[in-house]
A.B. asks: 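My questions all concern the structure below.
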Amino acid sequence: PDGLTKEYAGKFLCTAYCTEEYPHICGTGDGITASGAPITADLTVAADQSLLPFGTVIYIEGVGVRVVQDKGSGVQGKHLDVAVPGSHSDALNWAGYGTHKVWILKGDASNDEG
């Protein structure tokens with residue numbers, strides 16, 4: 001998009017987790033991410049904070065634009081856990097499982113028409 005720059009971050013293993021609100025393997029079930037933002041299917045992604053800190057906007061090839069809002073003990077290195085709609089079973093059967101190219105999207109202040 002206009003006004004954005006992209007930086008290739010590499011290939012990441014992508015897995016999925018559900019947004020169901022009850023305590024289970026996908027999370028505490030309270031609907032709140034580690035960053036304090038509400039978990040949102042098709043937006044929230046968990047990442048290793050040393051590579052992609054909270055608030056980082058990324059584009060995952062074949063998946064779309066997501067925002068790093070969560071982390072997890074199993075999400076280390078080049079691994080992303082994508083919040084998806086539906087049930088826990090839907091997350092386990094998510095079509096996006098696998099390795100995807102990832103870009104970091106950044107606003108370009110020099111293009112600000114504000």
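Reckoned from all heavy atoms, side chains included, excluding hydrogens, waters and symmetry mates. Just so you know, these numbers come straight off a predicted model, no measurement behind them.
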A.B. asks: Would you be so kind as to tabulate the donor-acceptor pairs closer than 3.5 Å made by side chains of residues 35-48, with sequence neighbours excluded?
C.D. replies:
residue: Ser35; atom: OG; partner: Thr33; partner atom: OG1; Å: 3.0
residue: Ser35; atom: OG; partner: Ala37; partner atom: N; Å: 3.4
residue: Ser35; atom: OG; partner: Gln69; partner atom: O; Å: 2.8
residue: Thr40; atom: OG1; partner: Pro38; partner atom: O; Å: 3.3
residue: Thr44; atom: OG1; partner: Thr40; partner atom: N; Å: 2.9
residue: Thr44; atom: OG1; partner: Thr40; partner atom: O; Å: 3.3
residue: Thr44; atom: OG1; partner: Gln69; partner atom: OE1; Å: 2.5
residue: Asp48; atom: OD1; partner: Ser50; partner atom: N; Å: 2.9
residue: Asp48; atom: OD1; partner: Ser50; partner atom: OG; Å: 2.7
residue: Asp48; atom: OD2; partner: Gly77; partner atom: N; Å: 2.7

A.B. asks: Under the side chain to side chain contact (heavy atoms under 4.5 Å, CB included) rule, collect the residues that match up with Ser89, sequence neighbours excluded.
C.D. replies: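 Once residues adjacent in sequence are excluded, the partners of Ser89 under the side chain to side chain contact (heavy atoms under 4.5 Å, CB included) criterion are Ser87, Asn93.
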A.B. asks: Taking it one step at a time, do Leu52 and Phe12 satisfy side chain to side chain contact (heavy atoms under 4.5 Å, CB included)?
C.D. replies: CA-CA 12 Å; Leu52 301 170; Phe12 284 70; 4.0 Å; yes
A.B. asks: Hey, what do you get for NZ (Lys71) to CD (Gln76), rounding to the nearest 0.5 Å?
C.D. replies: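 Separation between the atoms: 10.0 Å.
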A.B. asks: Looking only at non-hydrogen atoms, find the nearest pair between Ala91 and Ala16 and report the distance.
C.D. replies: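 Closest approach of Ala91 to Ala16: O-CB, 3.6 Å.
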A.B. asks: Scan for salt bridge (charged side-chain N to carboxylate O under 4.0 Å, His left out) pairs involving residues 85-100, sequence neighbours excluded, and state none if there are none.
C.D. replies: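 Every candidate salt bridge (charged side-chain N to carboxylate O under 4.0 Å, His left out) pair involving residues 85-100 fails, so no pair, neighbours aside, qualifies.
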A.B. asks: Which residues pass the side chain to side chain donor-acceptor pair (under 3.5 Å) test with His79, not counting sequence neighbours?
C.D. replies: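 Checked His79 against side chain to side chain donor-acceptor pair (under 3.5 Å); matches are Thr15.
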A.B. asks: Look at the side-chain heavy atoms of Ile, Leu, Val, Met, Phe, Trp and Tyr, link any pair under 4.5 Å apart, and say whether Val68 and Val84 land in one connected group.
C.D. replies: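 Yes.
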A.B. asks: Please name the pair of heavy atoms, one in Asp70 and one in Gln49, separated by the smallest distance, quoted to 0.1 Å.
C.D. replies: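 Distance-wise, the nearest heavy atoms are O-NE2, 3.9 Å.
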A.B. asks: Same cluster or not: Tyr8 versus Ile58, using hydrophobic residues (I, L, V, M, F, W, Y) connected whenever any side-chain heavy atoms lie under 4.5 Å apart?
C.D. replies: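 Different clusters: Tyr8 never reaches Ile58 through Ile, Leu, Val, Met, Phe, Trp or Tyr contacts under 4.5 Å.
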A.B. asks: Going by the rule ring-ring contact (aromatic ring centres under 6.0 Å, His included), which residues pair with Phe54 if we only count those two or more places apart in sequence or in a different chain?
C.D. replies: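 Phe54 satisfies ring-ring contact (aromatic ring centres under 6.0 Å, His included) with no residue once adjacent residues are dropped.
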A.B. asks: Please answer: with hydrophobic residues joined when any side-chain heavy atoms are less than 4.5 Å apart, are Trp94 and Ile60 in the same cluster?
C.D. replies: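 The answer is yes; both residues are in one hydrophobic cluster.
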A.B. asks: Please, which pairs that meet salt bridge (charged side-chain N to carboxylate O under 4.0 Å, His left out) have at least one residue in residues 4-22, sequence neighbours excluded?
C.D. replies: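 Listed by first then second residue: Glu7-Lys106.
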A.B. asks: Could you go through the side chain to side chain contact (heavy atoms under 4.5 Å, CB included) check for Leu80 and Val63 one step at a time?
C.D. replies: CA-CA 12 Å; Leu80 299 173; Val63 176; over 6 Å; no
A.B. asks: Any link between Val82 and Ile104 through a network of hydrophobic side chains (Ile, Leu, Val, Met, Phe, Trp, Tyr) touching at under 4.5 Å?
C.D. replies: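 Yes, because Val82 and Ile104 connect within a single hydrophobic cluster, where side-chain heavy atoms sit under 4.5 Å apart.
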A.B. asks: With sequence neighbours left out, which residue pairs that include part of residues 53-66 fulfil the side chain to side chain donor-acceptor pair (under 3.5 Å) condition?
C.D. replies: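 Passing the test, one end in residues 53-66: no pairs.
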